[in-house]
Structure formats: C-alpha cells, structure tokens
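See structure below.
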Amino acid sequence: NLQFINLSGEFNEFGMEGDSLYVNMDHFGVTERSGFELHNLSAKVLFCPEIIALSKLNLRFNNSALLADYFQLLTPNGGEEFGNFVEEVYFNAHIQNSKISLADVAYFVPTIWGMDNMVNLNNLKITGPVYGMKLKEVDINLLDTTLIKGDFQIPDLSDMTSAFFTEDID
C-alpha cells in the first residue's frame, strides 16, 4: 500500500553487457505518503543475476545519511536465493561516515516507532548472509556516550539452541 509522489532523478551511462545492466544514478528522490522521504540516492549500479552492486553509494533520507564505498547483494544461483533471504543472500559492504536516525529506521521496523536517537556508523565492513553475517572493523557511536568497536558475527538464528554470538569488543 505505497503511494509515491515527487519522483525525480538523473540516470546516465546506461549499458548492457551479456546479462549485466549498469547505470549511474544521481539525485534520485521520492516522497512516500507515510512521510518517508528519499532525498538522494546516488550510486553506480550494476545488476545481473548473480549480483546487485552499488558503488560510491550516497543515500540520504529524512534525517539520515548512509555512505558506502560499495554495497553488494550476492546471489550465486541467479536470484533464487531471495526466497530464503536471511540464509542465502550474501552481503558485501563497506559503510563509513554515516548517520542513521532511528526515527527513519522505524518506517521499516515499526516496533521502534517513537525512538529518534542517532547512530553514527564511523566504519563498518559487512560480509555474509544475515544468519552468520560478519561485521568487521565496527566503529559505531550512539546515544551520548556509547561507543562500540570490534568484530562481531551474527549467529544462525534459525536454530536458537545452537546460536552463539561471536564478538571481539573494545
């Protein structure tokens, strides 16, 4: 039940090579009737059956800014993995110098509605599927005095009896 208005943006450097499509997106923006506003999505985009890759990602919405050198979703079997997203779609990303508002995240995670704290993602490298994801070189600060640094691994949460968190925290 989405309704978009004020859709705008620039697309250039279109290309096709085999089963791969690529395009450069600049200043893509849209407003959704819920109040969520995408102010800017700029990236070099590669789409093919095995990967969706955004390089030089600049994503700005309501009160947040996400910057990534690269953000990739890897699907070695040509996209079949999206049917089991948390176990089979692999992430590969490097996020830096980003500020995320929990009020913005609440549009996608309604259980945190009402929270408006900022989370500063100073550095974060992500690899693997959601279940088993590795978070490396984590440098995050939130609230006024909380700083989280270290390496983490999210366990396979499909079997809670054997789910163990692995972390190396400063």
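Every heavy atom of this structure was used, including side-chain atoms; hydrogens, water molecules and symmetry mates were not.
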Quiz item: Taking it one step at a time, do Val109 and Leu102 satisfy side-chain contact (heavy atoms from CB on, under 4.5 Å)?
Solution: CA-CA 9 Å; Val109 184; Leu102 294 182; over 6 Å; no
Quiz item: Are Leu59 and Phe71 close enough, and set up right, to give a side-chain contact (heavy atoms from CB on, under 4.5 Å), and what steps lead you there?
Solution: CA-CA 11 Å; Leu59 180 62; Phe71 192 99; over 6 Å; no
Quiz item: Checking side-chain contact (heavy atoms from CB on, under 4.5 Å) for the pair Ile148/Leu142: CA distance, chi angles, key distance, verdict?
Solution: CA-CA 8 Å; Ile148 301 170; Leu142 59 146; 4.0 Å; yes
Quiz prompt | Step-by-step side-chain contact (heavy atoms from CB on, under 4.5 Å) determination, Ile126 to Met133 | solution = CA-CA 7 Å; Ile126 303 168; Met133 182 178 284; 3.4 Å; yes
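Between Leu67 and Ser98 the shortest heavy-atom distance is N-OG, 2.7 Å. Residues Trp113 and Ala103 approach most closely at CZ3-O, 4.5 Å, considering heavy atoms. Glu88 approaches Tyr90 most closely through the heavy-atom pair O-CD1, 3.3 Å. Contact record, Val86 with Pro129: O-CB, 3.7 Å, taken as the closest heavy-atom pair. Pairing each heavy atom of Ser20 with each of Leu46, the nearest pair is CB-CD1, 4.0 Å. Looking at every heavy atom in both residues, Asp151 comes nearest to Glu137 through OD1-N, 2.8 Å.
Side chain of Gln72 to backbone of Leu74: no donor-acceptor contact under 3.5 angstrom is found. Side-chain N or O atoms of Asn120 include none that pairs as donor or acceptor with a backbone N or O of Ile140 at under 3.5 Å. Panel note: side chain Thr31, backbone Glu37; no donor-acceptor pair is recorded below 3.5 Å. Although no hydrogens or angles enter the test, the distance criterion places a donor-acceptor pair under 3.5 Å between the side chain of Ser64 and the main chain of Ser101. Panel note: side chain Gln96, backbone Asn122; no donor-acceptor pair is recorded below 3.5 Å. Without hydrogens or angle criteria, Asp104 side chain to Asn63 main chain gives a donor-acceptor distance under 3.5 Å.
Atom OG1 in Thr127 sits 8.5 Å away from atom CD in Gln153 (nearest 0.5 Å). Interatomic distance, CZ of Phe85 versus OG1 of Thr75, reported as 10.5 Å (0.5 Å rounding). Note that the CZ atom of Phe28 and the CG atom of Asn58 stand 14.0 Å from one another [nearest 0.5 Å]. Rounded to the nearest 0.5 Å, atoms NZ (Lys99) and CG (Asn97) are 8.5 Å apart. A distance of 5.0 Å separates CG in Leu66 from CD1 in Ile100, rounded to the nearest 0.5 Å. The line from CG of Leu124 to CG of Leu135 is 5.5 Å long, rounded to the nearest 0.5 Å.
Connection of Leu73 to Tyr22 is not established within any shared hydrophobic cluster, with ILVMFWY side chains joined at heavy-atom distances below 4.5 Å, either directly or through further cluster members. Leu7 and Ile5 fall into different hydrophobic clusters, where Ile, Leu, Val, Met, Phe, Trp and Tyr residues are linked whenever their side-chain heavy atoms come under 4.5 Å apart, directly or through other members. In the hydrophobic clustering of ILVMFWY residues, with side-chain heavy atoms under 4.5 Å counting as a link, Ile112 and Met118 come out apart. With hydrophobic clusters built from ILVMFWY side chains whose heavy atoms lie under 4.5 angstrom apart, Met16 does not share a cluster with Ile51.
The ring pair (Phe, Tyr, Trp, His ring centres under 6.0 Å) test applied to Tyr131 returns no partner, not counting sequence neighbours. Partners of Phe14 under the ring pair (Phe, Tyr, Trp, His ring centres under 6.0 Å) rule, at least two apart in sequence or in another chain, do not exist in this structure.
Lys149 is listed as a side-chain neighbour of Leu147, based on a closest heavy-atom distance under 4.5 Å. Using a 4.5 Å heavy-atom threshold, the side chains of Leu121 and Val138 count as separate. Contact check for Pro76 versus Glu50: no side-chain heavy atoms found under the 4.5 Å cut-off.
The number of heavy-atom neighbours closer than 6.0 Å to CD of Glu80, taken from other residues, nucleotides and ligands shown, is 12 or below.
Residues Asn123 and Asp139 bring no donor and acceptor atom of their side chains to less than 3.5 Å of each other.
Using cut-offs of 30° and 60° for the angle between ring planes, the Phe61 and Phe36 rings count as tilted. Ring planes of Tyr70 and His94: tilted class, angle from 30 to 60°.
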